[in-house]
**Student:** 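First the structure, which I've put down as structure tokens, then a few questions once you've had a look.
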Amino acid sequence: MKLNENTLLLGKKVVLVPYTSQHVPRYHEWMQSEELRQLTASEPLTLEQEYEMQRSWREDSDKCTFIVLDAEKWQAQPSTAEEGCMAGDVNLFLTDPGDPALGEIEVMIAEPSCRGRGLGTEAVLMMMSYGVTKLGLTRFEAKIGQGNEPSIRLFHKLHFEQVAVSSVFQEVTLRLAMSEPEWQWLLEQTSHVAEQQYRARTPEPS
């Protein structure tokens, strides 16, 4: 999605930046992990296919992707390329043309050292706020593999309720409707987030 190609969202624990070609090599490294592929229901891709996917996602109007950066690393090492600060990604899919107010949300914290520190929680909250304010979404859905207990717990903590279980796809579906109280709660949770113009970092020449 081109809407967010110049957008940087600065939180306390994470920085969200658009998915660009500079992020692809590290992303491809992550996806060599069979565990990650199982958790995200992903097929193994070659590096060239990963570049093609990144270009496709940038052009598609029904996919909004941010790379999740570790804010601590990003702020402590301003000369470091973003690839060295990458923690994962967060996505919104506008999967139902007949229901443009519904977004399917997913998050992946792929970097082992970044797990269990609340980065995924803040990334989802920031992405939900972006979805409401920029994409006009009022409902969110998350489809998660039945074995992915950390992700299921994360979405339950963010007020999502389980609405379906698929034994065929081995996944659970959770949903959240953005009522006025939920929107006020989300605003409170993301009041610290700053939106800035995105400028890709490039590593300093050695």
Side-chain angles (χ1 to χ4, degrees), residues 1-20 22-23 26-27 57 63-94 101-142 144 150-161 174-201:
M1 182 176 286
K2 288 196 169 185
L3 178 67
N4 70 324
E5 67 180 348
N6 296 312
T7 301
L8 178 150
L9 300 176
L10 178 60
K12 291 176 181 174
K13 296 184 177 183
V14 303
V15 181
L16 302 187
V17 298
Y19 183 27
T20 70
Q22 71 162 311
H23 303 122
R26 185 76 186 115
Y27 191 92
W57 283 29
K63 297 181 183 69
C64 182
T65 297
F66 282 101
I67 290 294
V68 179
L69 306 181
D70 181 334
E72 188 177 341
K73 286 184 183 177
W74 184 83
Q75 291 169 325
Q77 304 169 11
S79 63
T80 301
E82 285 171 8
E83 191 177 354
C85 308
M86 287 171 62
D89 70 340
V90 62
N91 304 286
L92 271 174
F93 303 104
L94 310 181
L102 173 66
E104 183 180 333
I105 190 164
E106 64 177 33
V107 64
M108 174 182 74
I109 300 301
E111 198 62 40
S113 64
C114 294
R115 295 177 189 161
R117 293 169 42 202
L119 276 68
T121 298
E122 186 176 52
V124 170
L125 287 166
M126 290 165 65
M127 187 58 130
M128 287 167 56
S129 176
Y130 186 86
V132 173
T133 57
K134 304 296 185 181
L135 303 175
L137 303 182
T138 59
R139 294 188 315 289
F140 295 94
E141 183 174 270
I144 305 167
S151 194
I152 292 171
R153 284 197 300 271
L154 184 156
F155 280 95
H156 276 310
K157 184 171 67 176
L158 299 181
H159 304 179
F160 280 68
E161 295 183 354
L174 302 99
R175 287 190 187 139
L176 173 65
M178 200 48 55
S179 62
E180 185 59 30
E182 291 290 1
W183 173 234
Q184 290 304 317
W185 174 80
L186 183 59
L187 282 175
E188 290 169 10
Q189 300 301 309
T190 56
S191 60
H192 61 282
V193 176
E195 181 174 334
Q196 300 178 4
Q197 183 82 2
Y198 175 62
R199 292 180 181 84
R201 282 185 181 178

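By convention here, the first residue in the shown sequence is residue 1. Atoms considered below: every heavy atom in the structure, side chains included; atoms not considered: hydrogens, waters and symmetry mates.
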**Student:** Do V132 and T138 touch side chain to side chain, with heavy atoms closer than 4.5 Å?
**Tutor:** no
**Student:** For the residue pair K13 and L119, what are the closest heavy atoms and their distance?
**Tutor:** O-CG, 3.9 Å
**Student:** Under 4.0 Å between a side-chain nitrogen and a carboxylate oxygen: does that hold for E82 and R26?
**Tutor:** no
**Student:** State, with a plain yes or no, whether a side-chain heavy atom of L176 is found less than 4.5 Å away from one of L158.
**Tutor:** no
**Student:** Show the nearest heavy-atom pair for residues M127 and C64, with the distance to one decimal.
**Tutor:** CE-O, 3.3 Å
**Student:** For A110, does its backbone N or O pair with a side-chain atom of R115 as donor and acceptor, under 3.5 Å?
**Tutor:** yes
**Student:** Below 30° counts as parallel, above 60° as perpendicular, anything between as tilted: where do the rings of Y19 and Y27 land?
**Tutor:** tilted
**Student:** If you round to the nearest 0.5 Å, how far is CG of L125 from NZ of K157?
**Tutor:** 8.5 Å
**Student:** Flag the pair I105 / F155 as yes when at least one side-chain heavy-atom distance between them is below 4.5 Å, and no otherwise.
**Tutor:** yes
**Student:** Roughly how far apart are C85 SG and I67 CD1, rounded to 0.5 Å?
**Tutor:** 12.0 Å
**Student:** With a 4.5 Å cut-off on side-chain heavy atoms, are L137 and L92 touching?
**Tutor:** yes
**Student:** Measure the NZ-SG distance between K73 and C114 for me, rounded to the nearest 0.5 Å.
**Tutor:** 5.0 Å
**Student:** Show the nearest heavy-atom pair for residues V17 and L8, with the distance to one decimal.
**Tutor:** CG1-CD1, 3.9 Å
**Student:** Could you check if a side-chain atom of L3 sits within less than 4.5 angstrom of a side-chain atom of L135, using non-hydrogen atoms only?
**Tutor:** yes
**Student:** Only one of E141, E182, E161, E104 passes salt bridge (Lys or Arg N to Asp or Glu O under 4.0 Å) with R175; say which it is.
**Tutor:** E141
**Student:** Does any part of the side chain of M126, heavy atoms only, come nearer than 4.5 Å to the side chain of V90, both counted from C-beta?
**Tutor:** no
**Student:** Taking the six-membered ring for Trp, are F140 and F160 parallel (under 30°), tilted (30 to 60°) or perpendicular (over 60°)?
**Tutor:** tilted
**Student:** Are the side chains of V107 and F66 in touch, meaning some heavy atoms are under 4.5 Å apart?
**Tutor:** no
**Student:** Taking all heavy atoms of L94 and all of M1, pick out the closest pair and write down the distance.
**Tutor:** CD1-CE, 4.1 Å
**Student:** Please name the pair of heavy atoms, one in E122 and one in K12, separated by the smallest distance, quoted to 0.1 Å.
**Tutor:** OE2-N, 2.9 Å
**Student:** Salt bridge check: are E72 and R117 linked by an N-O gap of less than 4.0 Å?
**Tutor:** yes
**Student:** Is it true that E188 and Q184 share a donor-acceptor pair across their side chains at a distance under 3.5 Å?
**Tutor:** no
**Student:** Counting C-beta onward and ignoring hydrogens, is there a side-chain heavy-atom pair between L10 and Q75 closer than 4.5 Å?
**Tutor:** yes
**Student:** Between NE2 of H23 and CD of E83, what distance do you get to the nearest 0.5 Å?
**Tutor:** 8.5 Å
**Student:** Using modelled atom types only, decide if a donor and an acceptor are shared between the side chain of N91 and the backbone of K63 within a distance under 3.5 Å.
**Tutor:** no
**Student:** To the nearest 0.5 Å, tell me how far I152 CD1 sits from L174 CG.
**Tutor:** 7.0 Å
**Student:** If you round to the nearest 0.5 Å, how far is CZ of F93 from CG of L102?
**Tutor:** 13.0 Å
**Student:** Walk me through it: do V15 and Y198 pass the test side-chain contact (heavy atoms from CB on, under 4.5 Å)?
**Tutor:** CA-CA 11 Å; V15 181; Y198 175 62; over 6 Å; no
**Student:** Specify the closest pair of heavy atoms between T7 and L9, including all atoms of both residues, with the distance to one decimal.
**Tutor:** CG2-CD2, 3.9 Å
